[in-house]
There are 2 protein chains.
Amino acid sequence: MNIADFLITYVSFSHDELNDILSHFEKEQVQKNKLLVKQGQVCRTLYFVEKGIGRSYYLKEDGKEITQWFFGEDVFMASADSFFNQSPSDYYVEILEESVLYCISYEKMELLLAKYHQMEKFARLLVTQMLTKVVQKLNAIQFQTAKERYDYMTSEFPNISHRVALGHIASYLGMTQETLSRVRKE
Amino acid sequence: MNIADFLITYVSFSHDELNDILSHFEKEQVQKNKLLVKQGQVCRTLYFVEKGIGRSYYLKEDGKEITQWFFGEDVFMASADSFFNQSPSDYYVEILEESVLYCISYEKMELLLAKYHQMEKFARLLVTQMLTKVVQKLNAIQFQTAKERYDYMTSEFPNISHRVALGHIASYLGMTQETLSRVRKE
DNA sequence: CCTACTTTTTGATATAGGTCAAAAGGAAGT
DNA sequence: ACTTCCTTTTGACCTATATCAAAAAGTAGG
């Protein structure tokens with residue numbers, strides 16, 4: 001899906017509005033393993049993933065990487081808190097496959113949010129949806145067995161669970177790699 | 001804090017706008033143990049807690065209540081997903097102490113969101129903040145010991161952790177009552 | 001103050017999943 | 001095809017927390 005189609009599934013924009021909004025985004029091709037945001041940095045850009053996969057992760061005290069979220073096709077990606085508050089990010093944002101992204105700076109996004117009431121509504125709906133998904137993950141993580149959590153993963157991210165490293169998924173689900181490996185072979 | 005003060009800490013409203021917005025809310029006094037929303041029902045009202053405490057919870061298959069969130073003074077309370085999408089709620093919303101609430105119906109809220117660009121912005125910021133808090137809880141729950149989770153609780157809800165039943169807190173933190181009891185006495 | 005009911009604490013035992021270590025399997029470059 | 005590096009699997013053992021059960025402490029109404 002392209003970004004225009006994505007926008008209009010949430011709210012309606014006039015033809016001119018839509019063109020104006022789209023003109024603020026830039027297309028970018030990004031290579032595997034590229035870090036878009038580092039922990040401690042302010043996330044200055046919001047990305048729409050047209051093709052590819054990204055993830056956000058943080059480092060535990062012992063240095064282990066904990067995957068916080070996966071971003072597949074047709075989602076907006078950023079260190080959300082850092083972007084919207086322009087505060088230091090708690091997360092790294094990394095590209096896991098060669099990807100096609102549409103990028104918009106914080107300043108341009110603020111401008112669009114202020115210019116178009118509908119854009120503000122779009123942003124609200126988008127954040128609401130993210131909230132729903134995080135709550136779903138929380139419920140899955142909090143009271144389910146390793147097996148059930150893996151099932152949640154495969155249903156929530158059907159296109160992603162076979163494309164990324166086992167260790168990334170394990171930390172996303174709050175279990176060790178070894179446990180996930182054992183779960184996977186039933 | 002009253003609701004007007006709360007609103008203007010997020011965005012600026014003109015005097016007239018603010019009065020119009022406030023006129024859409026109704027004050028309500030609610031008794032302990034009152035259920036405001038039931039699982040399966042559509043949540044038709046958004047509440048601002050001026051005084052008191054509420055919680056949302058759901059029932060696991062085995063019938064156990066799992067507290068999903070606590071709502072203390074100066075926060076908006078609802079079954080968020082159900083309210084914003086007008087879909088059946090996954091949660092009960094219950095009042096835990098005699099409380100003073102300001103209430104607004106979905107229809108009136110939609111009207112305000114459509115009428116005032118700033119109201120839409122307010123809603124976005126509010127949801128963004130909720131997202132941040134849910135993510136924080138997720139990180140706390142996912143990789144921390146029972147003791148650390150309890151510390152998260154007391155720092156996140158300092159005014160609440162001594163006012164509600166142990167069992168409610170335990171299920172909120174994803175542990176049994178017995179474990180929390182043992183954790184509490186160090 | 002007594003009774004009934006609810007919540008919290010304490011104790012004993014069981015278990016899912018963690019940790020540590022090493023082997024096996026894959027992918028990439030020369 | 002060989003080497004190096006990284007990821008996944010397998011095995012043995014261990015620990016934090018769950019479960020079950022019962023005692024103790026708190027709370028509310030008569």
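Note on naming: letters A, B, ... go to the chains in the order of the sequence lines (proteins, then strands), and numbering restarts at 1 for each one.
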Distance, rounded to the nearest Å, where [X] contributes [atom1] and [N] contributes [atom2]:
X: Y150(B); N: dT17(D); atom1: OH; atom2: P; answer: 15 Å
X: D62(A); N: dT19(C); atom1: CG; atom2: P; answer: 8 Å
X: N33(A); N: dC6(D); atom1: CG; atom2: P; answer: 12 Å
X: L173(A); N: dG17(C); atom1: CG; atom2: P; answer: 12 Å
X: M175(B); N: dT9(C); atom1: CE; atom2: P; answer: 14 Å
X: F143(A); N: dA18(D); atom1: CZ; atom2: C1'; answer: 12 Å

Comparing K32(B) and T145(B) on DNA chain D - which has the more 5′ nearest nucleotide: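 The residue mapped nearer the 5' terminus is T145(B).
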
Terminal axis angle for the helix from dC1(C)-dG30(D) to dT30(C)-dA1(D), five pairs an end, nearest 10 degrees: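 The value is 50°.
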
Could you check whether [Y] and [X] have their ring centres less than 6.0 Å apart?
X: Y116(A); Y: F13(A); value: no
X: Y47(A); Y: F76(A); value: no
X: Y92(B); Y: Y58(B); value: no
X: Y91(A); Y: Y57(A); value: no

Sequence-aligned protein contact record of nucleotides 7-12 of chain D, with B where the base is within under 4.0 Å of a protein heavy atom and S where only the sugar-phosphate is: -BBBBB

Trace of the side chain to side chain donor-acceptor pair (under 3.5 Å) decision for T67(B) with S171(B): CA-CA 6 Å; T67(B) 299; S171(B) 70; 3.3 Å; yes

Pairs flagged by ring-ring contact (aromatic ring centres under 6.0 Å, His included) wherever residues 19-41 of chain A is involved - sequence neighbours left out: none

Sidechain-backbone polar pair: N2(A) side chain, A4(A) backbone, donor-acceptor under 3.5 Å: yes

Salt bridge present between E73(A) and R163(A) (N-O < 4.0 angstrom): yes

